[in-house]
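What's counted below: heavy atoms across the whole structure, side chains too, no hydrogens, waters or symmetry copies. FYI, the numbering just counts along the sequence from 1.
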Amino acid sequence: MKTYLLKKVLQKDGWHKNSYITVDDNQLILEISTEKPEAEVFPLEGYLIPGFKNSHSHAFQYAMAGLNESIPDSADGDDFWSWRENMYSLALSISPEELQEIATNLYMEMRRHGYSHVAEFHYLHHDTEGLPYKNPAEMSERLMVAANQAGLSLTLIPIFYQMGGFNSDPNDRQRRFICKDVDSYLELVEEIKKSAESFDNVIVGAGVHSLRAVKSEDIIRLFKKLPSGIPKHIHISEQIKEVQDCVSHLGQRPVEWLCENVNLDEDYHLVHSTHINEDELKKIIDSKANVILCPSTEANLGDGLFPLKDFHHGGGSYSIGTDSHIGLSPMEELRWMEYGVRLIERKRNPLCGPGENSAELIFHKSQKAGLMAMGRTTQDYFEVGQKFGGLLIQEDNPLFKDKPEESILSTLIYSAGPEHIKYI
Ligand SMILES: [Zn+2]
C-alpha cells in the first residue's frame, strides 16, 4: 500500500486540489481523499490527467510514415488512391515478426506521447499468399504481445474485408485482408477472442472495413448478428470518390445508406465521415453513433475537413485516432481538429459557448467517446477500484509554471508536446 499526494488531479468535473491517492500493491486505487492519512505520503510532481485514448490505428502503416512525401517522376500527381497502392505493397511484405516489432515500437511511442489506450483497426489477417496462418489469429496475437510489452491497453477490432470495391472481386494485392463471407469472418473473430483471453489488457470488438469492401447484404447481416455492447467500427466517407461510387452502386450516399440499413447506436464508431451533408450529419447525431477523427492522417492524405462545428453544436460524439501514424501526438490531433474549424470559420474558439474553454471541451468529449470506442466503461478518470495511472504535466516547466488552473489544459493542447508530460 502506498499513498501519493498530487497538487492537482483532473476529474470529470474539473481539477481537484491536494488529493491523497492510496493504492494497493497492484496499483489499484483504494482511496482518494483530501485529508492527509497517517501513513507516509509520497508527493508526485506535476498535474495528473488521464491518458489519451487513440480510437483508430493501423499499426503496420507506421513503417511507411514519412516515406511517400514526394511524387515519382513517372506520376502526374498524388492522392489517397496512389498512397493506397504504396500501402498495399507494404502490407504484402510484412511478416508476423516484423508486425510485432513495428507495433511494439509504435505502441511505445504512443505511450510516450500520452496515449494510454488504442483501438487497432486490424485487417492484415493472412500470410503473404493470402492463406490463413496455422494459428488464424497469428497477426492479431502479435499486436496483443506488442501492446502488452508497451504497457498500452488494446482494443482489437478485427476487420471484415471482402471485396476490392463496390461490386468487384478483391484485388490480388488485398489478399492478406480477405474473409470470403460473414461466417468465416466470425470464425476468425472467435479465434482472436480465444487468443485475447491470455492477455489482461486486451478486449475484442468488431468492424467492417468500409461500404466498398463488403457486400451490402453481408454488412446488414453481420451487424444484426453482433451482440450489443461491443464496439463496432467502420471507415466511411473519407474520400469524395468513395461517396460518388457509393451513390452509383447503392443509390445513396454512404452515411445515408448506413443509417437506413443498419440499426446504429452508441456502439458504432464511424471513422472519418469527412464528406457528409447536413442530413447525414443529423442522422449520425440522432442515431447516437460516434465519429472518429484522425486530423494528421486526414490532412496528410488530402481527405478534407469534417463539419465539426455543426456536429459539435448539434451534440455529436467524437474521439481522435492516429490512423496511419504520420502524427502521434494526441495534443496535435486535438489541436488540428479544432484549428480546422478556426481556419474555415475565421474565428477563435468556434466550438465554445459563453464561459466555455475549447481545450476542456475537446479533451473531455474525446476522452468519453474514446473510451466507448475501446468498449471500456472504466479508466476514464480516477476512481476507487480502478488502476492508478495517467499523465503528469510538468508543473515546473516555464510553459506551465504560474499558469492559472483554467489554462492548464489549453496550454497542454495548444502549446505542449510529449516533452511536457510523463507517463506514470
Ligand atoms: Zn483507417
Side-chain angles (χ1 to χ4, degrees), residues 54-113 115 118-130 138-140 142-143 145-147 150 152 154 156-157 159 161 164 170-178 209-210 212-213 233 235 238-239 241-242 271-272 274 292-304 320-330 332-333 336 418:
N54 186 346
S55 302
H56 190 66
S57 160
H58 308 284
F60 75 93
Q61 293 177 14
Y62 188 46
M64 66 188 282
L67 285 186
N68 295 281
E69 303 304 325
S70 56
I71 297 179
D73 289 342
S74 55
D76 63 355
D78 194 5
D79 59 15
F80 172 88
W81 307 100
S82 44
W83 173 88
R84 192 175 73 154
E85 289 305 316
N86 293 324
M87 184 269 282
Y88 286 168
S89 301
L90 171 70
L92 280 172
S93 72
I94 291 177
S95 68
E97 294 75 16
E98 286 167 335
L99 180 65
Q100 185 176 322
E101 193 180 337
I102 295 163
T104 304
N105 287 327
L106 168 68
Y107 293 160
M108 286 171 70
E109 276 298 284
M110 274 186 199
R111 201 174 150 136
R112 185 175 73 82
H113 280 81
Y115 288 110
V118 63
E120 181 69 32
F121 193 102
H122 172 59
Y123 51 83
L124 192 55
H125 300 305
H126 309 312
D127 72 13
T128 51
E129 300 305 311
E138 174 76 42
M139 296 296 260
S140 297
R142 299 292 178 158
L143 295 166
V145 171
L152 205 63
L154 172 69
L156 193 79
I157 311 288
I159 289 300
Y161 202 128
N171 165 337
D172 186 50
R173 283 158 62 71
Q174 297 165 318
R175 60 185 179 268
R176 299 188 72 180
F177 316 155
I178 302 300
H209 179 272
S210 54
R212 68 184 136 84
H233 291 218
H235 285 139
E238 182 176 5
Q239 285 281 318
K241 180 181 177 314
E242 186 189 342
V271 186
H272 307 304
T274 313
I292 299 173
L293 302 172
C294 310
S296 60
T297 293
E298 288 157 4
N300 184 267
L301 296 177
D303 287 346
I320 52 164
T322 57
D323 198 355
S324 71
H325 316 300
I326 189 75
L328 277 182
S329 161
E332 198 175 287
E333 298 300 331
W336 280 100

| query | Say you draw a straight line from OH of Tyr161 to CZ of Arg212; how long is it, rounded to the nearest 0.5 Å? | reply | 6.0 Å
| said: Could you walk me through whether Met87 and Ser324 satisfy the side-chain contact (heavy atoms from CB on, under 4.5 Å) test, starting with their C-alpha distance in whole Å, then the side-chain angles of each, then the deciding distance to 0.1 Å, before giving a yes or no? | reply: CA-CA 10 Å; Met87 184 269 282; Ser324 71; over 6 Å; no
| request: Indicate the atoms forming the closest heavy-atom contact of His325 with Leu106, along with that distance. | output: NE2-CD2, 3.5 Å
| message | Looking at His126, is its backbone amide N or carbonyl O close enough to the side chain of Arg176 to form a donor-acceptor pair, meaning the two atoms are under 3.5 Å apart? | response | yes
| request: Look at the side chain of Thr322 and the backbone N and O of Gly327, then say whether any donor-acceptor pair between them is shorter than 3.5 Å. | output: no
| request: Answer yes or no: is there an ion pair linking Glu97 with Arg142, defined by an N-O contact shorter than 4.0 Å? | output: yes
| note | Given the options His235, His209, His233, His58 meets ring pair (Phe, Tyr, Trp, His ring centres under 6.0 Å) only with His235
| Which atom pair, heavy atoms only, marks the closest approach of Pro330 to His113? | CD-O, 3.1 Å
| Atom pair OG/OH of Ser57 and Tyr107 - distance to nearest 0.5 Å | 5.0 Å
| said: For Glu101, I'd like to know if atom CD has over 12 heavy atoms of other residues, nucleotides or ligands within 6.0 Å. | reply: no
| query | If we only count heavy atoms from C-beta on, is the Tyr115 to Glu333 side-chain gap below 4.5 Å? | reply | yes
| query | Looking only at heavy atoms, what is the nearest atom pair of Glu138 and Pro96, with distance? | reply | OE2-CB, 3.7 Å
| Do the side chains of Ile159 and Phe177 get nearer than 4.5 Å, heavy atoms only? | no
| query | Sequence neighbours excluded, which residues qualify as side-chain contact (heavy atoms from CB on, under 4.5 Å) partners of Thr104? | reply | Gln100, Met108, Ala146, Gln149
| query | Which distance, rounded to the nearest 0.5 Å, do you find between the CG of Leu124 and the CD of Gln174? | reply | 12.5 Å
| message | Looking only at the side chains, is there a donor atom on one of Glu238 and Thr274 sitting less than 3.5 Å from an acceptor on the other? | response | no
| So His125 and His122, would you call those rings parallel, tilted or perpendicular, with 30° and 60° as cut-offs? | perpendicular
| said: Could you report the tightest heavy-atom contact between Ala103 and Leu143, atom names first, then the distance? | reply: CB-CD2, 3.8 Å
For a quick test of your reading: what N or O donor-acceptor pairs under 3.5 Å do the side chains of residues 64-72 make, sequence neighbours left out?
residue: Asn68; atom: OD1; partner: Asn86; partner atom: ND2; Å: 2.9
residue: Glu69; atom: OE2; partner: Asn300; partner atom: ND2; Å: 3.2

| Is the count of non-hydrogen atoms from other residues, nucleotides or ligands lying under 6.0 Å from Trp83 atom CH2 greater than 12? | yes
| query | Taking atom CG of Leu99 and atom OG of Ser140, what is their separation to the nearest 0.5 Å? | reply | 9.0 Å
| said: Please verify the inter-ring angle class for Phe60 with Tyr123; under 30° counts as parallel, over 60° as perpendicular, anything in between as tilted. | reply: perpendicular
| Rounded to the nearest 0.5 Å, how far does CD1 of Ile320 lie from CG of Asn54? | 7.0 Å
| remark: Per side chain to side chain donor-acceptor pair (under 3.5 Å), His272 is matched among Glu298, Glu242, Gln239, His56 by Glu298
| remark: Correct closest heavy-atom pair for Met139 and Ile94 would be CE-O, 4.0 Å
| remark: When every non-hydrogen atom of Gln61 is compared with those of Asp323, the smallest separation belongs to OE1-O, 4.3 Å
| query | In Å and rounded to the nearest 0.5 Å, what is the CG to OG distance from Leu301 to Ser82? | reply | 9.5 Å
| Can you check side-chain hydrogen bond (donor to acceptor under 3.5 Å, both in side chains) on Ser89 and Arg173, steps first, answer last? | CA-CA 7 Å; Ser89 301; Arg173 283 158 62 71; 3.2 Å; yes
| task | Go through Tyr88 and Arg84 one step at a time and tell me if the side-chain hydrogen bond (donor to acceptor under 3.5 Å, both in side chains) criterion holds. | result | CA-CA 6 Å; Tyr88 286 168; Arg84 192 175 73 154; 3.2 Å; yes
